[in-house]
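The structure under discussion appears below in the form of structure tokens.
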Amino acid sequence: MSWTLILHGGAGQMTRDTVSQAQAEGARAALGRALDAGAAVLAADGAALDAVEAAVRVLEDDPHFNSGRGAALTHAGVAELDAAIMDGRNRNAGAVAGVTATRNPVSLARAVMANSPHVLLSGAGADAFSVEQGCEPATQDWLVLPERRAQLDEMLEGGGAFDVDMKYG
Amino acid sequence: TVGAVACDVHGHVAAATSTGGVTGKRWGRIGDSPLIGAGTYADDRAGAVSCTGSGEFFIRANVAHEICARVRLAGETLEAAVETVLAEVTALGGTGGIIVAGPKGEALWRFSTPGMYRARLDSAGGREVAVFGDE
């Protein structure tokens, strides 16, 4: 039996005019590392669930993508993160929304699935659950990049209108 | 937003999605990524789906579950289901991308934007990493 792994790092107004060579190459390299992380699980006959978590963790840690470190910021300048994971074997699922202090939200979502009777936890409660579960913490200093702060400032200077297509990366 | 879908050697599928949302979001706005059935879904009877794009439209179209339901109930191929549901999102006014892994080894992506960060790898050695729409 074979295995397959597919990743995305976000879709949007990405053309050779809007994405710098450095950004594109950095993102390609990170996607390659994420493929390798997931493939290491699958090639060892591991579970798809472990593979997708391993791959997403790499992308959350990489600053080129809107997740984890390098996430887009709220109007108030906070990195508020969302994540979900789901197992096709039994349709078990875990998700978190609006978490602010966990390095890898996808692993927190998995902890919700594995160690709670719930599917979705949000906000301060989800942050507290993360501490109880011993998920690796992250400060806003770790999560927030200067480029993201600049993008937010640019938006706020322009009136800060919420534009569903205003998506950076 | 980032995401991964996989099918393992046992024929089981899984999906994961993670995001910071949109720049400047207010009032506790949550998009499709953490909503099971909207931005993330996995069912061995159909496939695993992870989405990225204008989350409000992916929520309203319930994209990830809708794709799996079309396969499971209407017998559509994953490819046909993805294309139909992405067209529905477009008709509602949304844009974005979808990645899918099927229990029979299907592996595909579709997107309605100029580009999407995307990559795929399989046990046969097929490896692809791309950014722009024309790659």
Side-chain angles (χ1 to χ4, degrees), chain A residues 1-16 24 27-28 31-32 35 38-39 42 45 47-49 51-53 55-56 59-60 65-67 71-72 74-75 79 81-89 91 93 95 97 105-106 119 151-152 155 160 162 164-168, chain B residues 1-26 28 30-31 33-34 36 39-44 48 50 52-54 56 95-97 99 101 103 105 107 109 111 113-124 127 129 131-132:
Chain A
M1 181 70 186
S2 59
W3 52 263
T4 56
L5 174 65
I6 309 157
L7 311 176
H8 71 76
Q13 303 308 316
M14 289 122 78
T15 67
R16 290 180 175 80
R28 291 177 198 274
L31 286 166
L35 282 178
L42 294 166
D45 292 357
L49 188 70
V52 296
E53 181 186 5
V56 167
L59 299 176
E60 285 176 334
F65 304 102
N66 174 16
S67 71
T74 67
H75 194 270
L81 309 176
D82 309 329
I85 191 166
M86 188 164 186
D87 187 344
R89 290 172 293 192
R91 283 174 283 163
V106 71
V119 172
Q151 287 167 355
L152 176 64
M155 167 182 266
F162 177 79
V164 72
D165 285 327
M166 166 65 81
K167 299 177 72 62
Y168 284 102
Chain B
T1 305
V2 301
V5 292
C7 178
D8 59 35
V9 295
H10 314 289
H12 299 312
V13 299
T17 312
S18 182
T19 188
V22 292
T23 300
K25 66 184 180 185
R26 303 177 77 176
I30 303 292
S33 299
I36 298 301
T40 308
Y41 200 75
D43 181 345
D44 279 3
S50 176
T52 175
S54 36
E56 280 70 12
T95 61
I99 59 172
W109 52 53
F111 51 97
T113 50
M116 178 163 84
Y117 292 117
R118 58 202 189 275
R120 70 174 92 188
L121 183 59
D122 61 40
S123 47
R127 185 182 181 105
V129 178
V131 175
F132 305 112

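Atoms considered below: every heavy atom in the structure, side chains included; atoms not considered: hydrogens, waters and symmetry mates. A note on names: the letters A, B, ... follow the listed sequences, proteins ahead of strands, and every chain is numbered from 1.
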> Under a 4.5 Å heavy-atom cutoff, which of A:Asp87, A:Val52, A:Ile85, A:Thr15 has the most pairs with chain B?
Replying inline: A:Val52
>> Give me the atom names and distance for the closest heavy-atom approach of B:Ala16 to A:Val106.
In response: CB-CG2, 3.8 Å
> Does B:Asp8 have any salt bridge (Lys or Arg N to Asp or Glu O under 4.0 Å) partners at least two apart in sequence or in another chain, and if so, which?
Replying inline: none
> When heavy-atom pairs shorter than 4.5 Å are enumerated against chain B, which of A:Ala95, A:Ala83, A:Ala93 gives the highest number?
Replying inline: A:Ala83
> About how many Å separate CD of A:Gln13 and OG1 of B:Thr95, when rounded to the nearest 0.5 Å?
Replying inline: 6.5 Å
> When heavy-atom pairs shorter than 4.5 Å are enumerated against chain B, which of A:Ala71, A:Gly32, A:Ala48 gives the highest number?
Replying inline: A:Ala48
> Between B:Gly105 and A:Thr4, which heavy-atom pair has the shortest distance, and what is it?
Replying inline: O-CG2, 3.5 Å
> Any idea which heavy atoms bring B:Ser33 and A:Ala84 closest together, and the distance?
Replying inline: O-CB, 3.5 Å
> So what's closer than 4.5 Å to chain B heavy atoms on A:Ala47: side chain, backbone, both or neither?
Replying inline: both
> Any side-chain heavy atom of B:Arg120 sitting closer than 4.5 Å to one from A:Leu5?
Replying inline: no
>> List the residues meeting side chain to side chain contact (heavy atoms under 4.5 Å, CB included) with A:Thr74, not counting sequence neighbours, and say none if there are none.
In response: A:Ala76, A:Val78, A:Glu80, B:Lys25
> Are any of the side-chain heavy atoms of B:Val129 and A:Leu35 separated by less than 4.5 Å?
Replying inline: yes
>> Given heavy-atom pairs under 4.5 angstrom as the criterion, report whether the side chain, backbone, both or neither of B:Ala101 touches chain A.
In response: both
>> Ignoring hydrogens, what is the shortest heavy-atom contact between A:Ala97 and B:Ile30? Give both atom names and the distance.
In response: CB-CD1, 3.6 Å
> If you count heavy-atom pairs under 4.5 Å between each of A:Gly12, A:Gly38, A:Pro105 and chain B, which one has the most?
Replying inline: A:Gly12
> To the nearest 0.5 Å, what is the distance between CG (B:Leu121) and CH2 (A:Trp3)?
Replying inline: 4.0 Å
> Taking every heavy-atom pair that is under 4.5 Å apart, which of B:Gly28, B:Ser123, B:Gly39, B:Ala14 has the most such pairs with chain A?
Replying inline: B:Ser123
> Would you say A:Asn66's side chain and B:Thr19's backbone share a donor-acceptor pair under 3.5 angstrom?
Replying inline: no
>> For a 4.5 angstrom cut-off between non-hydrogen side-chain atoms, does B:Ile36 reach A:Val119?
In response: yes
> Side chains of B:Ser18 and A:Glu60: donor-acceptor distance under 3.5 Å anywhere?
Replying inline: yes
> Mind checking whether A:His8 and B:Tyr117 have side chains closer than 4.5 Å, heavy atoms only?
Replying inline: no
> Could you give the distance from OG1 (B:Thr23) to CD (A:Gln151), rounded to the nearest 0.5 Å?
Replying inline: 5.5 Å
>> Ignoring hydrogens, what is the shortest heavy-atom contact between A:Leu7 and B:Ala4? Give both atom names and the distance.
In response: CD2-CB, 3.5 Å
> Less than 4.5 Å apart, any side-chain heavy atom of B:Val131 and any of A:Arg28?
Replying inline: yes
>> A side-chain contact here means heavy atoms from C-beta on lying under 4.5 Å apart; do A:Val56 and B:Thr17 qualify?
In response: no
> Looking at A:Leu31, A:Leu49, A:Leu59, A:Leu81, which one has more heavy-atom pairs under 4.5 Å with chain B than the rest?
Replying inline: A:Leu31
> chain A: which of B:Cys7, B:Ala48, B:Ser50 shares the most heavy-atom pairs with it under 4.5 Å?
Replying inline: B:Cys7
> B:Val2 and A:Gly9: which non-hydrogen atoms are nearest, and at how many Å?
Replying inline: CG1-CA, 4.0 Å
